[in-house]
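Inspection log for the structure reproduced underneath, given as structure tokens.
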Amino acid sequence: MSIDPTHALRLLADLQASDGWKFLVQIMEDEMVAAARQLATHRAMTMDEIHFRRGAIWAAEQLVNLPGRLAPIYETEAAIQKASAASAAHKDTDA
């Protein structure tokens, strides 16, 4: 899916400002804490259970951090797009 980077940045900002996103972040943070507590309190855990809990914490953190990881990508794309447009406009005035 190709999306205008400036529009993508607006969508990301709107997402992060929304109550739904704030609710989802709170749920994910609660889940991360619960998984960490389970790691700390359950003494007789198999390695598979430990890896599962660690994976759950990692996945929740990746989801919570996704808008922050996407924003720089779209900021760079928007800057390149703007520079390309300016370069094309400069070439047109030189011709």
Side-chain angles (χ1 to χ4, degrees):
M1 177 174 115
S2 181
I3 186 168
D4 177 65
T6 305
H7 181 63
L9 286 168
R10 274 195 307 270
L11 290 173
L12 286 170
D14 291 347
L15 173 66
Q16 287 180 296
S18 74
D19 289 341
W21 179 253
K22 291 172 186 169
F23 175 71
L24 182 68
V25 167
Q26 185 59 53
I27 295 290
M28 290 295 98
E29 288 174 351
D30 291 347
E31 291 297 321
M32 287 187 277
V33 169
R37 283 187 178 145
Q38 289 172 344
L39 281 171
T41 59
H42 289 85
R43 303 274 186 240
M45 223 184 254
T46 67
M47 286 305 292
D48 286 341
E49 290 172 313
I50 292 170
H51 292 314
F52 176 81
R53 303 253 191 286
R54 290 179 63 226
I57 293 168
W58 180 87
E61 186 175 24
Q62 294 303 304
L63 178 64
V64 167
N65 294 331
L66 186 59
R69 288 193 343 262
L70 290 176
I73 293 168
Y74 285 111
E75 288 166 357
T76 302
E77 286 184 21
I80 291 170
Q81 191 177 58
K82 185 177 179 180
S84 295
S87 177
H90 181 45
K91 286 180 184 178
D92 289 343
T93 58
D94 288 343

Please report the interatomic distance CG(Leu39) to CZ(Arg54), rounded to the nearest 0.5 Å. 8.5 Å
same_hphob_cluster(Phe23, Leu66) at 4.5 Å side-chain heavy-atom cutoff: no
Pair Leu24, Leu63 - check side-chain contact (heavy atoms from CB on, under 4.5 Å), show working. CA-CA 9 Å; Leu24 182 68; Leu63 178 64; 4.1 Å; yes
Contact summary for Ala17 and Lys22, nearest pair of heavy atoms: O-NZ, 3.4 Å
To the nearest 0.5 Å, how far apart are CG in Leu11 and NE2 in His7? 4.0 Å
For Ala8 and Ile3 the tightest heavy-atom approach is CB-CG2, 4.0 Å
Value rounded to 0.5 Å, distance of CD in Glu61 from CG in Asn65: 5.5 Å
Does one hydrophobic cluster hold both Ile57 and Ile27, with members joined at side-chain heavy-atom distances below 4.5 Å? yes
Minimal non-hydrogen separation, Arg53 against Gln38, with atom names: NE-OE1, 2.8 Å
With a 3.5 Å distance limit and no angle check, can you tell me whether Thr41 reaches the backbone of Arg37 through a side-chain donor-acceptor pair? yes
Joint hydrophobic cluster, Leu15 plus Val64, side-chain heavy atoms closer than 4.5 Å: yes
Do Leu12 and Val25 land in one hydrophobic cluster if side-chain heavy atoms of ILVMFWY residues count as linked below 4.5 Å? no
Run the numbers on Tyr74 and Thr6 for side-chain contact (heavy atoms from CB on, under 4.5 Å), then give the verdict. CA-CA 7 Å; Tyr74 285 111; Thr6 305; over 6 Å; no
Taking atom CG of Asp19 as the centre, report whether more than 12 heavy atoms of other residues, nucleotides or ligands fall under 6.0 Å from it. no
Sub-3.5 Å donor-acceptor pair from the side chain of Glu49 to the main-chain atoms of Thr46, do we have one? yes
Would Arg69 and Ile73 satisfy side-chain contact (heavy atoms from CB on, under 4.5 Å), going step by step from the backbone distance to the final call? CA-CA 7 Å; Arg69 288 193 343 262; Ile73 293 168; 5.9 Å; no
What one should report as the nearest heavy-atom pair of Gln16 and Gly68 is NE2-N, 4.3 Å
For the residue pair Ala60 and Met28, what are the closest heavy atoms and their distance? CB-SD, 3.9 Å
Atom of Ala78, atom of Leu9 and distance for their closest heavy-atom approach: CB-CD1, 4.5 Å
